[in-house]
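Below, chains carry the letters A, B, ... as their sequence lines are ordered, and counting in each starts from 1. Hydrogens, waters and symmetry mates are skipped; everything else that's a heavy atom, side chains included, is used.
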Amino acid sequence: MQALYAQLLVGLINGSFYALLSLGLAVIFGMLNIINFAHGALYMMGAFCAYFLLNLAGIGYWWALIIAPIAVGVFGMILERTMLQWLAGLDHLYGLLLTFGIALIVQGLFQNYFGSSGLPYAIPDYPQIGDWRGLQGGINLGFMFLPIYRGWVVIFSLVVCLATWFLIEKTRLGAYLRAATENPTLVRAFGINVPRMITLTYGLGVGLAALAGVLSAPINQVRPLMGADLIIVVFAVVVIGGMGSIMGSIITGFALGVIEGLTKYFYPEASNTVVFVLMVLVLLVKPTGLTGRAA
Amino acid sequence: MSALTDDTLPASPRAVRDEMIVFVVMAALLAIVPATGIYPFFVMQALCFALLACAFNLLIGFGGLLSFGHAMFLGTAGYVTAHLLKVGQISFPYWAGHWVVIPLPPLSPELGIIGGVLVSALLALVTGYVSIRRQGIYFSMITLALSQLLYFIYLQAPFTHGEDGIQGIPQGMLFGFIDLSKPTILYYVVLAVFLAGFLLIFRTINSPFGEVLKSIRENEPRAISLGYKTDQYKLLAYIASGTLAGLAGSLKVFVAQNASLTDVHWTMSGEIVLMTLVGGLGTIFGPIVGAFIIIAMQQYLAGFGQWVTVIQGVIFVGCVLAFRRGIVGEVANRVGHSL
């Protein structure tokens, strides 16, 4: 049973990354009509950003959690201003091809300088309060041993996902954003700067990816290709969940992570493929995806 | 929908006769390659990829469907052909621990190719049935995910030998009397298959079927309202494209004499897209030009490691931002009619 709970926890962690990434993809697709193939590369940049902050500037995990998403988000906004904005009005396919090219450039550059092996990033050991040493160590829950860092990743990701949902569904800014998704011309006529909102939206989506990268750095190590295979799984998650609803992306992301974890326990040979097989089944039964509207 | 083509395709009707002249010139140039001292292995490899890119272009350029998983046909046909040529025996599990074994000796080249092409046609039927259920960008994501699914299956399946791949494949005697181990003879066989595949695609594009495909690309709802069952047309185009891509994969086995995971990986799918984009989406000869350029680039830059990936990325970005017609599309636009 210990092993089952451990795999469930791994599943929840992967699910948090799926949720954070597919959430960003959905928000970006809503505003820019672009499937951001560079999402995996930007997730990797988030992890590297945390690594650089620690090893070059001595800035630790907690600051990296704030600085890395902002830095990568700004990089994303520069990409949007200099390249993506010129694709407005063209077929969706060009957005996919352009961001694929960006992903190749970023991943190729990092591979050149850092090879393909993983760089270690330690779990933070501060603040130290009594017996607590930051997020190191674990708690014995009776039925399983819970490493604190892993529990932290799941809870923090959930909080960030729900905060994003709240921002988009319940605030005034989110209302502008949803309106601009439906009809950008009309929203502009009301005096709202839609191009700036588009840039900020791309920055937000990219920032979420970078945040996931920082969270995963102590668990999965920091590798140039850490996002390359992940993004394909996230695409499958997006196809299963549909990009119509924010909450749908969050729930689908976590659910698929858990299913993957269960598969790892009961039938490990299929753990790499289970998400893709589920995608095929969903397409056969409900082609629009679980929460999506017709595309 | 039509934003893909507004910008890339000349509006004038096809000039089939001019295109045939270009085709004959191209065939003649390719036929004299062995006499010029150009390394034939390079040209053979480029021809395989040119056929692959042409098959891919049939789908995107004339059906408006961007497949990001065409490597799965290249890799699958390659594995099947390689296995039939080297081992022959087919065995697969049908129930826990029980295996069906079809005892076959290593097969001849023509049977190996037929096997590879048939399996990729079957794969295209199955994956096409799943993926055409969604349109546009979702279609690309689904084909990418399906090819990744196949990648993981091939990584674990015993007959592909995982990371090692199938090595040292015998080339054998085609039809019992054409010795494929002689480079010059192999070159002309590869060239003949390539030209035949190209003509088949050319004929498809200029047939009534091709016209319906183009109408679906331009405006699918209108095609439906005219009474065309567009899903069936898209599925047929997908199967044709996948089968021809499989033919390219089978052919490549004789040139490279191995079949490995590289051919099924998503980076390969990306390279196929890049070749077609550089040459010109929706042009007849663009994919061939693109394939030769990308393969040549990989040859010359092989020593630069990951810089090749970076350069490919830069070409992608450059093509999408400033050069959407591609080389042949740009020339066609200057000349004033389609190529």
Open item on the list: If I measure from the heavy atoms of chain A, does B/V314 come under 4.5 Å with its side chain, its backbone, both, or neither?
Closed with: both
Open item on the list: For a quick test of reading the model, state the closest non-hydrogen atom pair linking A/L96 to B/S140 and the distance between them.
Closed with: CD2-CB, 3.7 Å
Task: Under 4.5 Å from any heavy atom of chain A - which part of B/L155 - done: neither
Open item on the list: I need the minimum non-hydrogen distance between A/I105 and B/V310, along with the two atoms involved.
Closed with: CG1-O, 3.7 Å
Task: Which portion of B/Y129 sits near chain A, non-hydrogen atoms under 4.5 angstrom - done: side chain
Task: B/W307 atom CH2: more than 12 heavy-atom contacts under 6.0 Å - done: yes
TODO: Could you tell me which of A/V277, A/V233, A/D229, A/V238 has the largest number of non-hydrogen atom pairs under 4.5 Å with chain B?
DONE: A/D229
TODO: Determine which residues belonging to residues 264-272 of chain B lie within contact range of chain A, meaning some heavy atom pair is under 4.5 Å apart, and list them by number or answer 'none'.
DONE: B/H265, B/W266, B/G270
Open item on the list: Let me confirm one number: the CD1-CD1 distance from A/I240 to B/I142, rounded to the nearest 0.5 Å.
Closed with: 10.0 Å
Open item on the list: What part of B/L149 gets within 4.5 angstrom of chain A, counting heavy atoms only: side chain, backbone, both, or neither?
Closed with: both
- [ ] Quick one: pull up CZ in B/F68 and CG in A/L93 and give me the separation to the nearest 0.5 Å.
- [x] 10.0 Å
Task: A/M279, part contacting chain B, at a heavy-atom distance under 4.5 Å - done: side chain
Open item on the list: Is A/F110 in contact with chain B via its backbone, its side chain, both, or neither, using a 4.5 Å heavy-atom distance?
Closed with: neither
Task: CD1-CG distance between B/I60 and A/L97, expressed to the nearest 0.5 angstrom - done: 7.5 Å
Task: CE-CG distance between A/M83 and B/L321, expressed to the nearest 0.5 angstrom - done: 6.5 Å
TODO: Would you please go through residues 219-227 of chain A and name the residues with a non-hydrogen atom below 4.5 Å from one of chain B, in numerical order?
DONE: none
Task: B/Q148 side, atom CD; A/I231 side, atom CD1 - distance, nearest 0.5 Å - done: 11.5 Å
Open item on the list: Which residue is it: A/F100, A/F276, A/F37? I am looking for the one with a side chain to side chain contact (heavy atoms under 4.5 Å, CB included) to B/L144.
Closed with: A/F37
Open item on the list: For residues 15-36 of chain A, give me every residue with a non-hydrogen atom less than 4.5 Å from any non-hydrogen atom of chain B.
Closed with: A/F29, A/I35
Task: Heavy-atom neighbours of A/R81 CZ exceed 12 at 6.0 Å - done: yes
Task: Part of residues 262-273 of chain A lying next to chain B, heavy-atom separation under 4.5 Å - done: A/E269, A/N272, A/T273
